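Everything quoted here is computed from the prediction, not taken from an experiment. All values below come from the heavy atoms of this structure, side chains included, with hydrogens, waters and symmetry mates left out. Each chain gets a letter, A, B and so on, in the order its sequence line appears, and its residues count up from 1.
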Protein chains: 2
Amino acid sequence: MLDAGLHLLADQNLASLGVREVTREAGLSPAAFYRHFPDLAALGVALVEESLASLHVMIRSVLAEAGGAEELIDRAVDVIEQHVREHRPHVRFLSRERHGGVRQVREAIDAELGRFAAEVGAALALQPVSRGWSEQDLRMLAELYVDHMVSTASAFLEAQEAEPDREERIAATARLQLRLISLGRRHWQGS
Amino acid sequence: MLDAGLHLLADQNLASLGVREVTREAGLSPAAFYRHFPDLAALGVALVEESLASLHVMIRSVLAEAGGAEELIDRAVDVIEQHVREHRPHVRFLSRERHGGVRQVREAIDAELGRFAAEVGAALALQPVSRGWSEQDLRMLAELYVDHMVSTASAFLEAQEAEPDREERIAATARLQLRLISLGRRHWQGS
DNA sequence: AAGTTCGGCAAACGACTGTTTACTGAATGG
DNA sequence: CCATTCAGTAAACAGTCGTTTGCCGAACTT
């Protein structure tokens with residue numbers, strides 16, 4: 001059922017999805033839906049959890065890397081690109097419903113992204129570059145990184161469905177932007 | 001009719017909007033819709049144009065400002081916050097349909113955001129800080145600014161519908177992030 | 001072996017949907 | 001002053017929708 005919904009949401013919106021549509025795609029009867037979910041919103045929330053599990057893995061994989069700033073940036077962008085390629089339906093779902101019409105789903109996604117930002121912030125605090133940074137500054141930097149990751153993932157998403165030519169340009173731009181942010185980090189003097 | 005649609009889209013999705021729904025809200029008969037639009041997608045595109053007109057004014061108002069980096073940042077964040085406050089329905093529509101389920105609308109929004117980035121890039125090229133910057137670097141910076149503006153606007157959007165307490169925290173975070181980017185700019189040595 | 005939960009079905013309910021058709025009054029233009 | 005466009009209407013079409021109900025077999029528990 002989750003798979004059927006995810007497949008339908010490839011070129012559709014959660015708010016415009018229908019119970020019958022999902023069950024038809026899943027090869028079940030309409031009544032079967034209510035055995036598993038009370039609402040379509042509930043199915044949406046379940047999809048959020050499913051999608052975020054893989055995202056969590058990805059973020060940890062980026063944070064766990066060690067090495068110079070340059071290699072870390074290259075690795076991060078590569079991981080994002082590969083993740084979008086391998087979990088396109090999930091990523092598209094998150095990107096589409098993050099500001100979508102179903103409040104419950106929106107809030108679930110935002111809460112989890114906030115948790116990601118906290119995790120990133122904790123990891124940043126351990127890096128030597130962050131010596132002397134206030135907690136507020138760390139949090140602001142973490143949010144900047146998460147927002148940038150989301151933007152980059154969305155850009156990859158739309159690029160991979162069109163010409164794969166633009167894919168490398170997006171990666172190059174993302175790397176430059178991360179380099180610029182990293183540069184600002186090194187010269188930061190606190191707020 | 002446009003106003004009726006925009007009002008409906010406050011807590012709904014363009015893809016889940018109905019012809020009858022719109023005409024009912026507008027106080028017209030269902031058939032009247034087809035006098036003005038062939039599709040609901042067409043109404044969406046019309047709303048994109050309407051929404052982007054005010055955005056254009058806002059961007060120019062930010063770019064036209066002169067002064068030190070600090071004052072410029074403060075002014076930019078204030079303008080964004082005020083713009084979201086005064087055009088909440090339009091901004092919400094753009095934020096929601098930017099990655100929404102209607103291809104035509106998505107592409108219209110992205111094309112226009114690209115034009116905004118070009119405009120910002122041209123303005124950045126005129127600033128003394130950008131001496132020696134390649135065109136690619138300027139473009140990359142412009143896109144970073146536009147993406148940051150979009151993220152900040154979305155954050156304001158959701159904050160203003162909840163506690164207005166978070167509003168000032170978002171503004172503060174956005175200002176810090178812009179300061180960090182500005183710092184990276186000053187120490188950039190080309191790609 | 002008996003009972004209970006689980007996941008599934010067909011059928012039915014009224015309500016709502018997009019779109020077309022034929023018709024109407026007002027404004028506009030020559 | 002007549003013709004034409006414009007912006008609206010009511011009515012009807014065949015579908016689709018969400019949800020509830022009663023029923024059923026299989027699987028698990030005890």
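Heavy atoms of B:A31 sit under 4.0 angstrom from at least one base atom. Nucleic acid contact for A:Y34: base, since at least one base atom lies under 4.0 Å from a heavy atom of the residue.
Computed from coordinates, the B:H36 NE2 to D:dT5 C1' distance equals 14 Å when rounded to whole Å. Look at CZ on B:F33: it is 18 Å from P on D:dC6, rounded to the nearest Å. Going from atom CG of B:L43 over to atom P of C:dT19 covers 13 Å, rounded to whole Å. Remark: C1' of C:dG7 and CE of A:M1 are 10 Å apart, rounded to the nearest angstrom. Taking atom CG of A:L8 as the reference point, atom P of D:dC17 lies 11 Å away to the nearest angstrom. The CD-P distance, from B:E25 to C:dT17, rounds to 13 Å in whole Å. Between A:L28 atom CG and C:dG7 atom P there is a gap of 12 Å when expressed in whole angstrom units. Between A:F37 atom CZ and C:dG7 atom P there is a gap of 11 Å when expressed in whole angstrom units.
With hydrogens and angles left out, the side-chain atoms of A:E143 and B:Q177 include no donor and acceptor closer than 3.5 Å. Side-chain atoms of A:H99 and B:E97 include no donor-acceptor pair closer than 3.5 Å. Between the side chains of B:E81 and B:Q160, no donor N or O sits under 3.5 Å from an acceptor N or O.
Across the interface with DNA chain C, nearest-nucleotide mapping of B:G18 and A:R20 shows A:R20 to be the residue nearer the 5′ end.
For D:dC17, the OP1/OP2 oxygens have a side-chain nitrogen or oxygen of A:R24 closer than 4.0 Å.
For B:S29, whose side chain is taken as the heavy atoms from C-beta onward, the closest listed nucleotide among D:dG18, C:dT19, D:dA10 is D:dA10.
Aromatic ring centroids of B:H56 and B:F116 lie under 6.0 Å apart.
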